[in-house]
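Below you'll find the structure, written out as structure tokens, and then a few comments.
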Amino acid sequence: MTEPISPGEQRLAQLAEPEKEVAAGTNTLVVGPYLTRRRRFSAGSGSNDAENNPRPAEARLDEATGLAGAIDLHIVDSIIAPLSAPRPATYIGSGKVDELAGFIRAENIGLVVMDCALSPVQQRNLEKAWGAKVIDRTGLILEIFGRRARTKEGTLQVELAHLSYQKGRLVRSWTHLERQRGGFGFLGGPGETQIEADRRMIQERMSRIERELETVVKTRSLHRASRRRVPYPIVALVGYTNAGKSTLFNRLTAADVLAENMLFATLDPTSRAIDLPHGEKAILSDTVGFISDLPTMLVAAFRATLEDVIEADILLHVRDVSHGETEAQADDVALVLRELGIDPDDTRRIIEVWNKADLLAPDARSRLETTSHRTREEGRPILISAMTGEGISDLLAAIEDHLAAGRSNYEVDIAPEDGQGLAWLHENTEILDRQTTESGHSILQVRLVAGKEPRFLNRFPQAKVL
């Protein structure tokens, strides 16, 4: 017999899961309220919507439409609403609000997505004017994350981000539900209002989630520590959302991670072992895709899921070179990497992977190949197609070369009766070359895995440095 749910738990569930308020298939209008000229606003002006975003308005609107489509909304239309400065009450001008109100009623629009950051007052005023639910870019991305997260940590992080978002957007619409006044005579103040109760419940739930996350993070730390003891090098995939990371992950590992042509198709990190050309193993980790103007609360909430990126030996920066805004997307990824304390220009650690070569026109492909060959070898991009498998062998070789940088190479003479020594070399080193002499001795050129040199020299003191 299930226990009854208290009214407080029901209310908290409503606040913690706003994504359920937007049903798939809802008639949706996407509005891009973009500034017509570059200018900066103070923190209280209501615009943190990336006034420095270099993308054309059309590209930004296409991305917002793709985000809405990622949760199966029915996009009726998408409109650019140019403005010289955000309005405090409704973000866009009153004339545009009235114009859109007629369109919304005529097309039976149930949801309006504003590709900007709205204040709670702006959101409420627009909902009153249009008679439809309104969400901003942050709310839309939270909706997507809420539906995509699958692991325990992912769902907890999403709920924490939702609650943080909702806590700052509780407006004073519940003051009529004041509890009985306290105190005596005329000095008694109002009791706890509904908004205060909501805030208290949200804060208590956030505190519980943070305690649960501490346990989950400790578990992940133990898993990472066990992987370090193996030790296999870690190779992490990073890149803009929908750049093809999961398709590449599946290609390299023969896994079945969800890989679809949609933004944020996968959120939860996944790790698998891969074999490099000379037999060494590595751990490949697929991570959440980055996006421009990612809500601050989500950058903080999903920092734990990006710990594999921070600790990775090699980062594969996967770029969709067939996309018209590939350079701007690369800049956004570089910005997030810097926030994680990683130098995006460190070519010793980062390999740039130019994906979706199969979608390039012949002239564009030729231009990219020329650019790649002109780049110095250490930072040369690898042109691939994760879909067809083109360039994958070159990518694996590049990963191996980067991991090998700085490692010692030795030549070892193994007697024919030393089968254990030969087995040890195959298990603990990277075999570069092997020749057998007439006397049956095996002459091997090996490259040592990090941390194995002391044991190697103890086992083979006569080995020659190459």
Side-chain angles (χ1 to χ4, degrees), residues 14-15 17-36 45-51 53 55 57-147 161-162 165-166 168-171 173 262-264 291-295 298:
Q14 293 174 356
L15 295 168
E17 300 183 1
E19 68 272 7
K20 292 185 178 179
E21 298 176 7
V22 179
T26 301
N27 285 349
T28 303
L29 171 66
V30 180
V31 180
Y34 305 131
L35 301 176
T36 55
S45 66
S47 173
N48 59 359
D49 134 82
E51 52 271 11
N53 195 320
R55 289 184 175 84
E58 292 78 9
R60 297 175 65 183
L61 186 65
D62 285 345
E63 181 175 275
T65 304
L67 286 170
I71 50 174
D72 301 323
L73 297 174
H74 177 239
I75 311 300
V76 176
D77 201 358
S78 55
I79 298 171
I80 293 176
L83 70 159
S84 57
R87 307 300 194 272
T90 56
Y91 200 89
I92 57 178
S94 57
K96 197 65 176 180
V97 171
D98 294 339
E99 176 189 335
L100 292 177
F103 178 82
I104 289 167
R105 285 191 294 268
E107 298 294 332
N108 194 27
I109 301 293
L111 173 68
V112 180
V113 175
M114 297 285 289
D115 188 28
C116 61
L118 294 175
S119 70
V121 171
Q122 290 167 340
Q123 182 178 0
R124 181 182 60 179
N125 289 342
L126 289 175
E127 288 182 339
K128 286 182 177 179
W130 291 338
K133 180 173 176 60
V134 176
I135 60 174
D136 62 3
R137 182 181 180 87
T138 300
L140 177 60
I141 295 177
L142 284 171
E143 296 273 356
I144 299 171
F145 276 40
R147 298 189 188 196
H162 269 303
Y165 180 68
Q166 291 298 101
R169 306 184 82 76
L170 295 177
V171 293
S173 57
M262 66 169 66
L263 301 178
F264 294 121
I291 196 169
S292 64
D293 308 334
L294 183 69
L298 278 179

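Since we're looking at a predicted model, the values are computed, not measured. These values consider heavy atoms only, across backbone and side chains, with no hydrogens, waters or symmetry-generated copies. For reference, positions follow the sequence shown, starting with 1.
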Fill in the blank from the handout: Heavy-atom closest pair (D136 atom, L118 atom, distance to 0.1 Å) is OD2-N, 3.0 Å
Completion exercise
Between L140 and A68, the two heavy atoms sitting closest are CD2-N, 3.9 Å
Handout entry: Side-chain heavy-atom pair L67, R137 within 4.5 angstrom cut-off
Key = yes
Problem - Counterpart residues, side-chain contact (heavy atoms from CB on, under 4.5 Å), relative to A57 (two or more places apart) - result: Y34, I80
Practice task
Check side-chain contact (heavy atoms from CB on, under 4.5 Å) between D77 and all other residues, then give those that pass, not counting sequence neighbours.
Solution key: L29, I79, F103
Handout entry: Close side-chain approach of L126 and V112, heavy atoms under 4.5 Å
Key = no
Handout entry: Closest non-hydrogen atom pair between S84 and T36, with its separation
Key = CA-OG1, 3.8 Å
Practice task
Could you tell me which residues satisfy side-chain contact (heavy atoms from CB on, under 4.5 Å) with S78, sequence neighbours excluded, listed by chain and number?
Solution key: V30, L61, T65
Problem - Close side-chain approach of M114 and V134, heavy atoms under 4.5 Å - result: yes
Problem - Heavy-atom donor-acceptor pair, W130 side chain to V97 backbone, under 3.5 Å - result: yes
Exercise for the section: Identify the heavy atoms of N27 and E107 that sit nearest to each other, and give their distance. Expected result: ND2-O, 3.7 Å
Practice task
Only counting residues at least two apart or in another chain, list the ones meeting side chain to side chain donor-acceptor pair (under 3.5 Å) with N125.
Solution key: none
Handout entry: Residue pair P33 / C116: nearest heavy atoms and the distance that separates them
Key = CG-SG, 3.6 Å
Exercise for the section: For Q122 and T90, work out which heavy atoms get closest and say how close. Expected result: CG-N, 4.1 Å
Handout entry: Separation of L111 CG from L73 CG (nearest 0.5 Å)
Key = 6.0 Å
Exercise for the section: Mind checking salt bridge (charged side-chain N to carboxylate O under 4.0 Å, His left out) for E99 and listing every partner two or more places apart, or none if nothing turns up? Expected result: K96
